[in-house]
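The next block holds one structure in the form of C-alpha cells; read it before the comments.
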Amino acid sequence: MKNNAILLGALFLIIFSFGCVNKEEKTEYFTFKFYINETGEALNGNVYLNDEFLGATKNGELTIPKDEIYPGKIYLNGTYNNTQFSFEFTLKKSDLRNYTGANYYVFEKDIKDLTMDLSKIDTQKIVKHLFNNINDIREKHGIKKLVWNDKLADIAKKFAIDISIGIGYKKDISERFVKEGVYYISNGYIYYTLNDFSATDINDSFNLTEDYLTLSARNVVLDKNFDSAGIGVYCKQKECYIVAVFAQTEYTYNFELDEDYCKFDFIRWDTLPIEDVKTHITVNSTRDIDVYILEKDEDYSPCKARHYLEGEDDTKFYKTTINAKKGYGIFTYANYGDANITIKFKYEI
C-alpha cells in the first residue's frame, strides 16, 4: 500500500508539471516600423491589415501578437504636415515565418509629392522662365526672339484650364483667337502636362529644352514666321498644365512695279470675322511713287485713286497706322519709272 501511494503522487506531479509548462508558453510578437528612407524620420498613423484595424503607431512602430496577423496588404493611414496620406505595403508569409518584424519605408520624394500643393506656386515666375527657354532655343538656331503678348498669354491660360478639365480639344487654336478678337496671319501652340517635380528647386522642373520637345512641338517653336507668343500655366494640387501660343503678326513683301503701272493689295485677310484690326503700315520704294489707303478696290481706275482715306504723292517712304476694316487696301502707282517696293504690315493684337 505504501508503494502505491508514492506512485500516485508521482503521477499527480507529472500532470501538474505538464500543466505549468503550457501556461508559461511565450507569445510571439511582430513589430511594424514605418519611416522615411533618407532621413529615418518616423511615420505615424493607423495600421490596417487589408480592411482590419490593427492599431495606431507610436514613434513609427506598432507591435502586435503574431497569431493575430496573416499575409496581406498593410496600410498606414495618417497625416504629414497637415496632409492626409495612405501608404500601402505587403506583408509576406515568409516575413511572418522568418522574422519578428518588418521595416516599411517611403522615399522623401513620396512625401514631397504628397505634401506638394502646386496651386499655390508663383505661376508668373514659371511663365517667364519658360518664355526665356523658348527664346533660348530659337536663338540657338539663329531665329529671331519672340515678343511677349498679353492677349496670347490669356488665350494660353484659358486653353490650359480647358485641358485640365478635359475639354481642351473642343476648340481649335484659331477658334480661340477669333473668340478673343485676336487677329493673326498664322498661329500655333504647344502644350504639355508636368507632374514630375523631382528637382530640388521646383522651378528647375519646368525647364524646357529642345530635347524635351516632340517633333511637332519643335516645328512650332522654331517656326521663323512667328514673332509673338504668350504662355499660360494652370496648376492643380499635383499637376501643372502648360500651353504656349504663337502668332505671326507681321508680314513683309517685296515687288517690282513698272513705270505707269499700279497695284492694289488688301491690307488684311477677310476670312476672319473681326471688325477692325489696328495695322501699322510702312512703305519703302526705290523711286517716288503714289501711295493711298483705299476702302475698297473699286476706288481706283485707271491707276488713279478716286476715293481714298489718306495717302501721299511722289514719295519713297510712307508710314501710317489705321484701323483696317474688311476690304481696306493699299494702292501704289509708279509714275516716275520702275520701282522696287517693300510694304510691311504689323497687326496689333
Ion pair Arg176/Asp162, N-O distance below 4.0 Å
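Salt bridge flag = yes for Asp162 with Arg176.
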Look at Asp265 together with Lys263 and state whether they make a salt bridge at an N to O cut-off of under 4.0 Å.
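A salt bridge is present here (some side-chain N lies under 4.0 Å from a carboxylate O).
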Specify the closest pair of heavy atoms between Thr249 and Ile185, including all atoms of both residues, with the distance to one decimal.
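Thr249 and Ile185 have their closest heavy atoms at C-CD1, 4.1 Å.
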If we ignore angles and hydrogens, is there a donor and acceptor under 3.5 Å between the side chains of [X] and [Y]?
X	Y	result
Lys278	Thr321	no
Asn44	Thr57	yes
Tyr318	Glu310	yes
Tyr70	Glu52	yes
Tyr241	Glu239	yes

Quick check, are the ring centers of Tyr191 and Phe159 under 6.0 angstrom apart?
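Between Phe159 and Tyr191, which both carry aromatic rings, the centre distance is not below 6.0 Å.
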Examine Lys33 relative to Tyr35 and say whether NZ or CZ is less than 6.0 Å from the centre of the six-membered ring and inside a 45° cone about the ring axis.
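Here Lys33 passes the 6.0 Å and 45° test against Tyr35.
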May I ask you to check if Arg268 and Tyr347 form a cation-pi contact, with NZ or CZ under 6.0 angstrom from the six-membered ring centre and within 45° of the axis?
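That pair does not qualify as a cation-pi contact.
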Partners of [X] by side chain to side chain donor-acceptor pair (under 3.5 Å), sequence neighbours excluded?
X	answer
Thr342	Asn254
Asp67	none
Ser86	Asn77
Asp260	Tyr333

Contacts of type side-chain contact (heavy atoms from CB on, under 4.5 Å), residue Lys158, not counting sequence neighbours
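side-chain contact (heavy atoms from CB on, under 4.5 Å) list for Lys158, sorted by chain: Glu180.
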For the side chain of Arg287 and the backbone of Asn335, is there at least one donor-acceptor N/O pair under 3.5 Å apart?
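No: the side chain of Arg287 does not pair with the backbone of Asn335.
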Relative to each other, are the rings of [X] and [Y] parallel, tilted or perpendicular (30° and 60° limits)?
X	Y	answer
Phe30	Phe32	perpendicular
Tyr184	Phe177	perpendicular
Tyr253	Phe255	parallel

Quick one: which residue pairs count as a disulfide (SG to SG under 2.5 Å) with a foot in residues 263-309, not counting sequence neighbours?
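Checked against disulfide (SG to SG under 2.5 Å) - neighbours excluded - the pairs reaching residues 263-309 are Cys262-Cys303.
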